[in-house]
Amino acid sequence: MSVVQTVVVAIWLMLPTYVPNNAAVVLGGGTPVDFGREWRGDRILGDGKTWRGGAAGVGAGFALAVLLNAAAAQGYVPDFLPTFELRAAFALALGAILGDMGASFLKRRTGRERGAPFPGVDQLDFVVGAFVVTAVLAPGWFFEQFTVDVVVAVLVLTPLLHVTTNLIAYRLGLKDEPW
Ligand code: CTP
Ligand code: MG
């Protein structure tokens with residue numbers, strides 16, 4: 001694969017991972033995942049992680065993967081782009097949401113209030129979550145698609161895309177902070 005192809009494959013494969021957290025921001029709210037409970041004097045996750053946001057995120061990521069599969073089946077995209085096993089589609093979206101919650105867990109343990117930035121973690125938490133959950137739930141598909149060059153492309157591109165989309169969401173008034 002050329003470098004350009006590798007970059008395009010990386011973005012394509014990560015679309016079901018990028019969408020969940022944005023869907024959670026737009027559609028989230030309501031009961032927090034930790035039900036308001038604390039651990040050692042701080043919230044377990046905080047009010048920023050809700051059941052509705054998590055469910056909407058997983059649903060949106062999975063639905064997007066199904067759409068991408070349909071686009072590929074119709075021949076709307078180049079042949080070198082892979083399709084998503086349904087189990088992998090679910091795992092990518094679920095992993096993204098769990099990774100984001102894992103980051104909030106770490107933020108609360110390190111004294112960071114809801115919305116406080118955690119440079120590095122904020123940009124890659126959902127990628128690590130998606131990789132881990134997909135490697136466990138759909139290992140055959142995962143290790144076939146995420147070759148070393150694709151993983152490197154994902155790790156380089158994701159922070160750039162994340163910073164850009166969050167800035168846009170902030171300017172649109174969807175997020176309270178630009179990170
Ligand atoms: N959101 C949600 N459920 C999730 C993730 C996000 O409802 N599982 C919504 C919340 O309204 C949240 C907003 O999206 O405030 C922004 O998400 P994020 O930046 O991840 O949360 P923060 O509020 O910054 O909280 P934290 O410090 O825990 O990251
Ligand atoms: Mg935040």
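P16 approaches L64 most closely through the heavy-atom pair N-CD2, 4.2 Å. Nearest approach of P82 to V9, heavy atoms of both residues: CD-CG1, 4.4 Å. The nearest pair of heavy atoms linking A24 to I97 is CB-CD1, 4.4 Å. Of all the heavy atoms in Y170 and E177, the pair that sits closest is CD1-C, 3.5 Å. In terms of heavy atoms, A138 sits closest to E85 at CB-OE1, 4.1 Å.
Residues F90 and M101 share a single hydrophobic cluster, defined by chaining ILVMFWY side chains whose heavy atoms lie under 4.5 Å apart. Residues L13 and F80 fall within the same hydrophobic cluster, defined by Ile, Leu, Val, Met, Phe, Trp and Tyr side chains chained together at heavy-atom separations under 4.5 Å. Hydrophobic clustering, with ILVMFWY side chains joined whenever heavy atoms are under 4.5 angstrom apart, groups V151 together with L92. F131 is connected to V19 through a chain of hydrophobic side-chain contacts under 4.5 Å among Ile, Leu, Val, Met, Phe, Trp and Tyr, so both are in one cluster. A single hydrophobic cluster is seen to contain both V154 and L15, as judged by linkage of ILVMFWY side chains at heavy-atom distances under 4.5 Å, directly or through other members.
Side-chain contact check for F62 versus P20: every heavy-atom pair is 4.5 Å or farther apart. Residues T31 and T50 are not in side-chain contact: their nearest non-hydrogen atoms beyond the backbone lie 4.5 Å or more apart. V66 is not listed as a side-chain neighbour of F84, based on a closest heavy-atom distance of 4.5 Å or more. Between F146 and M14 the shortest side-chain heavy-atom distance falls below 4.5 Å. No side-chain heavy atom of V26 sits under 4.5 Å from any side-chain heavy atom of N22. Here the side chains of L106 and R112 are not in contact, with every heavy-atom distance at 4.5 Å or above. A heavy-atom distance below 4.5 Å is found between the side chains of M1 and V150.
Residue pairs meeting the salt bridge (charged side-chain N to carboxylate O under 4.0 Å, His left out) criterion with at least one partner in residues 38-65, sequence neighbours excluded, are D34-R43, R43-D47, K49-D100.
Under the 3.5 Å distance criterion, the side-chain polar atoms of T158 are left unmatched by any main-chain donor or acceptor of L155. For the pair W141 (side chain) and R87 (backbone), a donor-acceptor distance under 3.5 Å is absent. A donor-acceptor pair under 3.5 Å is formed between the side chain of Q123 and the backbone N or O of G120. The closest donor-acceptor contact from the side chain of R108 to the backbone of L45 lies under 3.5 Å. A donor-acceptor pair under 3.5 Å is absent between the side-chain atoms of N166 and the main chain of P178, judged by distance alone. With R37 contributing its side chain and I44 its backbone, the two residues share no donor-acceptor pair below 3.5 Å.
Listed by chain and number, the residues in a ring-ring contact (aromatic ring centres under 6.0 Å, His included) with F35 are W51 (sequence neighbours excluded).
Taking the ring axis of F105 as reference, the NZ or CZ atom of R109 stays within 45° of it and closer than 6.0 Å to the ring centre.
Of the inter-residue distances, the one linking I11 atom CD1 with L161 atom CG reads 5.5 Å to the nearest 0.5 angstrom.
Aromatic ring centres of H162 and Y18 lie farther apart than the 6.0 Å criterion allows.
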